[in-house]
K.L.:
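I am attaching a structure below and will ask some questions about it afterwards.
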Amino acid sequence: MPDKPALEGLEHKWAARWEESGIHRFPRTAGGRVGVYSIDTPPPTASGSLHIGHVFSFTHTDLLARFHRMRGERVFYPMGWDDNGLPTERRVQNYYGVRCDPSLPYDAEFRPPAEGTAKSTKAADQVPISRRNFIELCRRLTEEDEQRFEEVFRFLGLSVDWRQTYRTIGDEARAISQRAFLNNLERGEAYQALAPSLWDVSFRTAVAQAELEDREQPGAYHTIAFAGPSEDVVIESTRPELLPACVALVAHPDDERYRDLFGRTVRSPIFGVEVPVVAHHLAQPDKGTGIAMVCTFGDLNDVVWWREFDLPTRTVIGFDGRIVPDAPDAITSESGRAAYAELAGKTVFSARAAVVEQLRATGALLADPRPITHPVKFYEKGDRPLEIVPTRQWYLVNGARDEVLRDRLLQRGRELQFVPEFMRVRYENWVTGLTGDWLVSRQRFFGVPLPVWYRVDEHGEVDHDEVLVPERDSLPVDPSTDVPPGFTEGDRGRPGGFVGEVDIMDTWATSSLTPEIAGGRYRGDGLWEAVFPFDLRPQGQDIIRTWLFSTLLRSELEHHELPWRTAAISGFIVDPDRKKMSKSKGNVVTPAAILEQHGSDAVRYWAASSRLGSDAALDVANPTQMRKGRKLAIKVLNAAKFILGLEAGALGTDAVTEPLDLGMLAALDRVVDDATRAYEAEDHARALELVEPFFWTFCDDHLELVKDRAYGLPGQGRDSAVAALRIALDTLLGLLAPVLPFAAEEAWSWSHDGSLHTSSWPVPTALGGDPELLTAAGEALIGIRRAKTDAKVSQRTPVASARITGPEQTVHRIGLVAGDVGAAGRIGSLSLDPGGDAVEVADVVFQPTES
RNA sequence: GGGCCUUUAGCUCAGUCGGUAGAGCGCCACGUUUACACCGUGGAUGUCACGCGUUCGAGUCGCGUAGGGCCCA
């Protein structure tokens with residue numbers, strides 16, 4: 001026991017000892033699922049640095065892990081790293097100064113031109129390398145990040161079993177991801193379709209509904225005249241450049257203005273294409289002129305109309321976001337084709353300007369463009385508006401087009417325990433609002449390849465309907481280098497041979513399988529049977545529509561059951577202005593510095609005092625919660641040092657005989673019961689809220705009240721005081737252990753051999769004391785202190801006599817502990833006098849002092 | 001436009017069954033004591049966003065309005 005206990009250095013000391021003793025390792029004993037508490041940990045993205053939000057939410061998870069471990073459960077707490085996906089790709093490009101070109105051959109001797117020192121992030125300055133070289137760099141860089149993340153998490157005190165880690169780009173994760181896809185394919189849940197897809201022109205990949213966001217963008221309404229049967233039909237459009245892609249006009253069926261036009265045709269200006277006028281309830285009569293262009297494709301409504309009216313496809317925007325070279329066949333006039341030729345190759349932006357000029361020249365533009373702002377769909381990671389282009393993609397069913405599946409998913413959502421409860425509606429809103437199946441293919445490089453090949457027919461044409469799949473035990477495969485069963489590399493691309501799929505899967509297609517990946521579903525070593533279904537899925541509220549939904553979907557399709565019992569949803573961190581902290585806003589603080597500055601226990605306290613689902617403010621300049629936590633941790637060390645330094649003749653529950661000691665333990669019993677219930681309900685903030693005030697009352701009042709006895713002559717009174725203090729200390733250390741694992745373990749180690757963090761969750765002593773005694777004594781103590789403060793004398797000033805009045809029952813209780821109260825107040829003669837509403841100390845006569 | 005959360009002391013937040021409004025920080029005063037100066041003790045501080053309703057009684061329950069935030073269109 002040190003002379004002057006301090007928090008500094010506890011993190012490294014105990015993290016190392018815990019690792020050495022292996023107390024956080026998942027015990028692989030027999031017994032299957034019984035007695036196991038398993039956690040489907042969120043894998044942080046390994047690109048760059050951890051966010052303070054990680055510290056916040058991972059602490060919440062760790063509180064539960066530690067509680068359940070202390071209760072003797074076998075806790076499965078793994079850690080995963082999400083190293084898949086675009087963030088990694090972009091980081092690797094910028095870090096190493098390279099870009100992926102899948103057509104290049106692998107170069108085993110390749111050395112990247114830069115190591116975090118690339119001067120330019122322009123594609124032209126980046127060295128093109130093969131997919132395999134690119135992936136090697138992705139793995140190398142993410143590994144370094146993961147190492148750093150692990151160090152921060154160990155310092156934070158996460159009780160993770162660090163042997164149970166996975167990477168979403170690892171062999172096992174890729175194999176599981178591909179296997180799950182093949183299972184979906186076999187059951188008819190995965191399919192390909194040539195369909196209009198939301199397309200990011202910068203990244204040149206399709207994106208899914210879950211990755212969309214609306215952004216307010218400036219735009220303009222253009223008033224354009226179409227030639228009608230009798231007179232001009234005037235539409236308003238924000239996308240005049242899509243005029244050559246126009247396939248119809250649409251108005252609401254009830255709109256009197258256009259009723260006569262339904263079923264007839266109008267002719268587009270400039271391009272002179274006859275298009276039908278159709279009626280549909282999605283058309284908005286109050287928007288613009290109430291009649292709108294249907295183009296292939298301007299927005300998602302266009303896709304609906306195109307599909308429902310079986311309209312032709314006139315694609316004008318290419319995968320690169322530029323106008324395609326060839327005009328749609330429907331444009332037959334010479335002038336129309338000449339006008340189109342002027343647009344070919346232009347970006348959407350400049351094509352718009354060109355069309356506006358053409359419209360002006362022909363007189364079809366009836367007014368100057370009218371500026372507006374309107375919501376435009378973006379890929380959440382992109383910075384150019386999405387286009388909609390027809391492509392062949394792979395889809396997974398998700399209930400959007402299948403009511404039976406949708407109802408099953410909603411039912412599962414009702415079976416899942418959400419903490420807090422109100423988060424369930426976000427899931428339900430998402431499931432009910434789905435508009436299409438899950439687009440899982442991505443035209444990117446670093447990720448899990450779709451594990452399929454296609455036959456090439458005798459004419460050398462790829463036949464996408466003839467899908468070749470790998471053997472299950474050959475997974476993971478890369479179809480661009482591996483060959484399908486029964487073929488050789490020589491058959492690649494040849495008539496009668498095969499071609500490999502080049503697309504990869506959506507990163508969520510892998511992340512949705514974290515239970516299977518973490519639980520080692522196919523390892524055959526019993527782990528899976530011991531941990532699935534998981535007890536806890538901790539995650540952020542922002543990824544309910546992605547991670548939570550997709551995991552639940554995969555589990556329903558594969559196992560017909562919930563992947564976990566409870567979803568614990570953390571809020572996020574906001575700065576003092578209530579703005580969500582995020583990288584893009586530049587108000588991010590790095591966790592390592594904060595942990596170093598305040599100490600891990602203090603930071604954990606800050607996190608623990610926020611309940612699940614509610615956002616927490618962090619004022620880095622004035623982190624009051626962290627200071628409070630730090631103060632608490634220091635107090636724990638000091639109180640423990642004091643109590644353990646006291647001598648006693650006998651310890652244990654039998655030695656506790658004095659009313660105040662029994663009363664204090666009875667009050668503590670209540671705290672143990674209530675805090676246990678709170679943790680059982682995943683309410684760590686409530687538990688802390690119960691334990692912390694008791695601990696302070698214990699230090700400020702009880703310790704002061706019994707100090708005299710504890711320091712006093714040997715005997716029953718002294719033994720009772722010290723025995724009760726030791727019991728209470730052990731109990732309080734246990735109750736605080738999840739929140740302050742370092743300080744609590746340090747203090748515990750001064751009087752125990754084993755770790756506090758295994759099987760030491762406190763239980764009530766049930767010695768039958770009066771739990772109100774301490775409160776009553778405390779009230780008396782406050783009165784005495786007030787009298788001394790009012791008299792501006794030291795608290796140690798002796799009092800010759802005093803009289804305590806108050807409610808009868810309280811005064812009676814004070815009488816039962818009058819010895820302790822008198823000793824703590826240094827009162828010679830204490831008289832008790834029932835009466836009045838509040839406890840008051842009157843007639844205080846200070847002892848005359850010599851000086 | 002729809003949904004959800006939120007509004008309590010200067011700040012950050014509790015307030016469980018509807019029964020006298022709470023904590024920490026900050027502020028003021030006092031004291032430095034034998035666990036603790038990263039200290040202790042005491043004190044002051046409220047239109048519980050607003051309105052209506054239910055009730056003997058509303059911070060708490062219901063309806064509505066406003067501000068803040070998030071998600072989805």
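Reminder, nothing fancy here: chain letters follow the sequence lines and each chain counts from 1. Since the structure is predicted, the reported quantities are computational estimates derived from the model, not experimental observations.
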K.L.:
Whole Å only: how far is the NZ atom of A:Lys707 from the P atom of B:G40?
P.N.:
11 Å
K.L.:
Rounding to an integer number of angstrom, what distance separates B:C4 and B:G57 when you compare their P atoms?
P.N.:
30 Å
K.L.:
Sort out the partner of B:U20 for me: Watson-Crick or G-U wobble, both distances under 3.5 Å, none otherwise.
P.N.:
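When the pairing criteria are applied, nothing turns out to pair with B:U20, so the answer is none.
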K.L.:
Identify whether any heavy atom of A:Leu7 sits under 4.0 Å from a base atom; if not, whether one sits that close to sugar-phosphate; answer base, sugar-phosphate or nothing.
P.N.:
nothing
K.L.:
Write down the atom of A:Lys788, the atom of A:Phe846, and the distance for their closest heavy-atom approach.
P.N.:
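Between these two residues, the closest heavy atoms are CG-CE2, 3.9 Å.
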K.L.:
Are the side chain of A:Arg630 and the backbone of A:His598 linked by a donor-acceptor contact shorter than 3.5 Å?
P.N.:
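Checked: pair present.
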K.L.:
P atom, B:A49 versus B:A9: distance in rounded Å?
P.N.:
8 Å
K.L.:
For a quick check of understanding: with a heavy-atom distance under 4.0 Å over all strands, which category does A:Asp790 fall into, base, sugar-phosphate or nothing?
P.N.:
nothing
K.L.:
Identify which nucleotide among B:C36, B:U41, B:C4 has an atom closest to any side-chain atom of A:Arg785, counting heavy atoms from C-beta outward.
P.N.:
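So the side chain of A:Arg785 is nearest to B:U41.
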K.L.:
Output the rounded distance in Å from CG (A:Leu618) to C1' (B:C11).
P.N.:
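Between C1' of B:C11 and CG of A:Leu618: 14 Å.
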K.L.:
Looking at B:C38, does its base get a donor-acceptor pair with the side chain of A:Lys631 below 3.5 Å?
P.N.:
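By the distance-only test, no, there is no pair.
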K.L.:
Below 4.0 angstrom, N of the basic side chain to O of the carboxylate: do A:Glu387 and A:Arg239 qualify?
P.N.:
yes
K.L.:
Suppose you measure atom C1' in B:G24 against the same atom in B:U20; what distance do you get, rounded to whole Å?
P.N.:
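Each nucleotide's C1' atom is 23 Å from the other's.
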K.L.:
Taking the inter-plane angle between the rings of A:Phe418 and A:Tyr427 on a 0 to 90° scale, is it parallel (under 30°), tilted (30 to 60°) or perpendicular (over 60°)?
P.N.:
tilted
K.L.:
Taking syn as within 90° of 0 and anti otherwise, name the glycosidic form of B:C17.
P.N.:
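Syn for B:C17; the angle stays within 90° of 0.
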K.L.:
Measuring only the C1' atom in each nucleotide, how far is B:G19 from B:G43? A whole number of Å is fine.
P.N.:
28 Å
K.L.:
Between A:Gln541 and A:Asp701, which has a closest nucleotide on RNA chain B that is more 5'?
P.N.:
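Comparing both residues, the 5'-ward one is A:Asp701.
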K.L.:
On RNA chain B, nearest-nucleotide positions of A:Glu689 versus A:Pro5: which is more 5'?
P.N.:
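Its nearest nucleotide being more 5', the pick is A:Glu689.
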K.L.:
Do any side-chain atoms of residues 698-706 of chain A form donor-acceptor pairs under 3.5 angstrom with protein atoms, and if so which ones, sequence neighbours left out?
P.N.:
from     : atom 1 : to       : atom 2 : distance (Å)
A:Asp701 : OD1    : A:Arg785 : NH1    : 3.3
A:Glu704 : OE2    : A:Lys707 : NZ     : 3.2

K.L.:
Is it true that A:Asp200 and A:Lys381 have a side-chain N and a carboxylate O under 4.0 angstrom from each other?
P.N.:
no
K.L.:
Mind checking A:Glu704 for me? I need base, sugar-phosphate or nothing, with any heavy atom below 4.0 Å counting as a touch.
P.N.:
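Base, at least one base atom sits under 4.0 Å.
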K.L.:
Using a strict 4.0 Å threshold on nitrogen-to-oxygen distance, state whether A:Glu213 and A:Arg215 make a salt bridge.
P.N.:
yes
K.L.:
Check whether NZ of the Lys or CZ of the Arg A:Lys628 lies under 6.0 Å from the centre of the six-membered ring of A:Trp606 and within 45 degrees of that ring's axis.
P.N.:
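Not flagged: A:Lys628 not positioned over aromatic ring of A:Trp606.
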K.L.:
A:Ser794 has a side chain; which of B:U41, B:G3, B:G31 sits nearest to it?
P.N.:
B:G31
K.L.:
Round to the nearest Å and state the distance from A:Gln625 atom CD to B:A14 atom C1'.
P.N.:
11 Å
K.L.:
Determine the contact category for A:Lys628: base if any of its heavy atoms lies under 4.0 Å from a base atom, sugar-phosphate if only primed atoms, P, OP1 or OP2 are that close, otherwise nothing.
P.N.:
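Contact class for A:Lys628: sugar-phosphate only.
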K.L.:
Check every atom of B:C38, B:U33, B:C70 against the side chain of A:Arg630 and return the nucleotide holding the closest atom.
P.N.:
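Nucleotide nearest to A:Arg630's side chain: B:C38.
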K.L.:
Provide the distance between the two C1' atoms, one in B:C17 and one in B:C39, to the nearest whole Å.
P.N.:
40 Å
K.L.:
Rounding to the closest angstrom, what is the interatomic distance between B:U7 and B:A14 at atom C1'?
P.N.:
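Straight-line distance between the two C1' atoms is 15 Å.
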K.L.:
Expressed in angstrom and rounded to an integer, what is the separation of A:Met626 atom CE from B:C38 atom P?
P.N.:
21 Å
K.L.:
Write down the distance between CZ (A:Arg611) and C1' (B:A23), rounded to a whole number of angstrom.
P.N.:
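To the nearest whole Å, that distance equals 14 Å.
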K.L.:
Between A:Arg545 and B:C72, is there a side-chain N or O to OP1/OP2 distance below 4.0 Å?
P.N.:
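Yes, such a contact exists.
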K.L.:
Take atom P in B:U12 and the same atom in B:G68, then report the distance between them in whole Å.
P.N.:
16 Å
K.L.:
Using Watson-Crick or G-U wobble geometry with both distances below 3.5 Å, tell me the partner of B:G62, or none.
P.N.:
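B:C52 is the nucleotide pairing with B:G62.
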K.L.:
Please confirm whether the shortest side-chain N or O distance from A:Arg786 to OP1 or OP2 of B:G43 is below 4.0 Å.
P.N.:
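Affirmative; the distance criterion is met.
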K.L.:
As a test of reading the structure: which of B:C4, B:G40, B:C38 is closest to the side chain of A:Lys635, going by heavy atoms?
P.N.:
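For the A:Lys635 side chain, the nearest candidate turns out to be B:G40.
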K.L.:
Of all the choices, B:A29, B:A73, B:G3, which nucleotide is nearest to the side chain of A:Lys792 once you look at every atom?
P.N.:
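Of all the options, the side chain of A:Lys792 is nearest to B:A29.
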K.L.:
Nearest-Å distance, CG (A:Asp615) to P (B:C70)?
P.N.:
9 Å
K.L.:
Out of B:G3, B:U12, B:A73, which nucleotide sits closest to the side chain of A:Ala617?
P.N.:
B:U12
K.L.:
Quickly work out the A:Asn301 CG to B:A73 P distance and round it to whole Å.
P.N.:
13 Å
K.L.:
Taking the C1' atom of each, how far is B:C71 from B:G64, in whole Å?
P.N.:
24 Å
K.L.:
Once you apply a heavy-atom cut-off of 4.0 Å, does A:Glu8 come out as touching a base, just sugar-phosphate, or nothing?
P.N.:
base
K.L.:
Rounded off to whole Å, could you give me the OH-to-P distance for the A:Tyr605 and B:U12 pair?
P.N.:
16 Å
K.L.:
When you get a sec, tell me which of B:G42, B:C36, B:C70 is the closest nucleotide to the side chain of A:Ile782?
P.N.:
B:G42
K.L.:
Paired with B:C28 by Watson-Crick or G-U wobble geometry, both distances under 3.5 Å: which nucleotide is it?
P.N.:
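Paired with B:C28, as far as the under-3.5 Å criterion goes, is B:G42.
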K.L.:
Please name the nucleotide paired to B:C4 by Watson-Crick or G-U wobble geometry with both distances under 3.5 Å, or report none.
P.N.:
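Matched B:C4 with B:G69 under the 3.5 Å cut-off.
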